[in-house]
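Note sheet for the following structure.
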Amino acid sequence: MKFSNIAKFFLLVWMLGVIWAAFYYVQPAEGFIGQSSRIVFFHVPTAWVSVLAFLVSCVSSIQYLRTRDPEHDIRAAVASRLGLLFAVLATVTGAIFARIMWNAYWNWDPRQTSIAILLLIYAAYFALRSAVPDPERRAALAAVYAILAFVTVPFLVFVVPRIYWSLHPDTIINVRGANDFDSRYTQVLLASLAGFTGLFVWINSIDCRLDKIRRRRQEEVL
Amino acid sequence: MSSLLAEALAVAAKDLRTEFRTRVALNALGLFALTTLAAVSYTIGPYRIAEADRPYLLSALLWVVILFASLAGLDRTFVKEEESHTAPLLRLSAGPHAVWLGKLLFNLGLLAALMVILVPLFIVLMGLPLVLHFGWLVAVLAAGGFALAVITTIVAAIIARAMTRGALFAVLSLPLLLPLVIFAIQGTAGVASGEIEIVHQSLRAMISFGGIMVVVSAALFPVIWGE
């Protein structure tokens, strides 16, 4: 059996384990309504993966500008697309949690505002891509915008929620640097983060290969 | 360094001269701002909003007017070079950093002119008590305007090389500008309500955002311009 097949099988078992642990291994946390605290195992990893994807997109964009290799452009575009997808998932899981805890899906909490803007930025990235017909110019302009967008991310993720009062539960690495979670929570959360990261790497590589094939076919047609 | 500055000033002066021939950007910016101000002042005026809400709501309105006015006109510096096919000549006669700095200076001038006219009118028409802390008001406007000009300049450079420029300018600028506008509104509201601590916070955020954008734009502009 090839290594990649073993890795895929391992990822399947791992994610099943994470899902099982999220519902059976940990107890509902105090201070949260009903079972709502369990969503942390899915909400935090999707948010983490979306930031990771945007980091990959930024790094690939810088590499594209240095080498002008179209492969890096494909990587940047694919990572942004996945980042957008995971940001939507983080928004939706966050909204579900908000409905249970604060009785409203959406209340313009600073965290919700910043993720909404993040979604807008990357939607704008694709608007730019579709507005430049020449592939090389499209790649270069999109790379510049991806870097500009990534510079804005820290302000949205770290500065805006710090300046404004937020209902959002403390992030894991909070101001005190202490870990308020029960140790079982930490174990499952770390496992889930690892699983989601693996999932991202896998989808990313499939998507990159698909995009390359798509591009080659396009060139053949032309 | 001094030659860079001299070149940049020459580019800005050239832009200013051509601007005064047609006044496209100036008209777009000024008329947009005055029309929205008239609409806002006519429908809301100073007394429609309760005393306690005034600092926040009126600051938000002020920045909405400034933001949309700048989206109406600040892309002209680069778009007009593409439309009149003068960009290749400019590429030959000045280095990319000088072009970027010159265009930034021109946009800064345009935005400063807009604010000098708009803000006093806004204060008078809307009864926003901003004059009590005049120094802080100028600081907030300067920091916000600076970052606004930096971001719109680099985005204008990008969209000038794409299709459907007008629509794209707003689409690409707005998400990047949103955190800035949030800080600016917060700061202006702090000035209006006399809470200087909030003004400090938002000034710090705006200056660091503007500073980072300057560094990133200066590094990336040659890529866009040479493309």
Side-chain angles (χ1 to χ4, degrees), chain A residues 54 58 61-68 73 80 84 87 108 110 112-165, chain B residues 147 150-183 185-187 190 197-227:
Chain A
F54 293 142
C58 178
S61 298
I62 293 171
Q63 273 179 326
Y64 175 79
L65 292 181
R66 296 175 95 168
T67 62
R68 300 281 166 163
D73 177 49
S80 297
L84 196 58
W108 291 111
Q112 292 181 326
T113 312
S114 52
I115 198 139
I117 301 170
L118 210 61
L119 290 173
L120 281 181
I121 289 181
Y122 285 96
Y125 172 82
F126 289 105
L128 173 62
R129 286 192 79 91
S130 60
V132 189
D134 175 55
E136 275 172 33
R137 184 183 285 185
R138 172 175 59 220
L141 294 183
V144 170
Y145 192 74
I147 297 167
L148 282 177
F150 194 74
V151 170
T152 320
V153 171
F155 282 88
L156 291 171
V157 176
F158 300 112
V159 182
V160 172
R162 290 283 179 286
I163 288 191
Y164 297 93
W165 179 78
Chain B
V150 173
I151 295 170
T152 47
T153 304
I154 190 82
V155 173
I158 294 177
I159 60 114
R161 317 290 294 152
M163 301 189 305
T164 59
R165 291 165 185 147
L168 206 56
F169 184 55
V171 168
L172 294 191
S173 307
L174 280 174
L176 295 181
L177 289 173
L178 231 149
L180 172 73
V181 173
I182 291 176
F183 298 138
I185 291 171
Q186 186 84 353
E197 186 50 39
I198 294 176
V199 180
H200 280 282
Q201 263 185 350
S202 66
L203 269 178
R204 270 201 295 275
M206 281 191 286
I207 290 169
S208 48
F209 193 44
I212 290 172
M213 280 297 177
V214 166
V215 175
V216 177
S217 310
L220 292 177
F221 181 74
V223 174
I224 307 167
W225 187 238
E227 191 52 49

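Chain naming here is simple, since letters A, B, ... match the order of the sequence lines and numbering starts at 1 in each. As a basis for the values below, the full set of heavy atoms in this structure was taken, side chains included, without hydrogen atoms, waters or symmetry mates.
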Separation between CG (L128(A)) and CG (L172(B)), nearest 0.5 Å, reads 5.0 Å
#### Entry: Stepwise side-chain contact (heavy atoms from CB on, under 4.5 Å) check, V144(A) with F221(B)
CA-CA 9 Å; V144(A) 170; F221(B) 181 74; over 6 Å; no
Sidechain-backbone polar pair: R161(B) side chain, R137(A) backbone, donor-acceptor under 3.5 Å: no
Q) Side-chain contact, heavy-atom cut-off 4.5 Å: F209(B) with T152(A)? A) yes
Distance col, row I147(A):CD1 vs S217(B):OG, nearest 0.5 angstrom, shows 11.0 Å
Counting heavy-atom pairs under 4.5 Å with chain A, the top scorer among L176(B), L178(B), L174(B), V223(B) is L176(B)
Cut-off 4.5 Å, heavy atoms of chain B, and the answer for I121(A) is both
d(S130(A) OG, L168(B) CG) to nearest 0.5 Å is 7.5 Å
Q. Do the non-hydrogen side-chain atoms of I224(B) and L141(A) ever get within less than 4.5 Å of each other?
A. yes
Okay, V171(B) and chain A: the region with an atom under 4.5 Å from a heavy atom over there is both
When the 4.5 angstrom heavy-atom criterion is applied to R68(A) and chain B, the contacting part is side chain
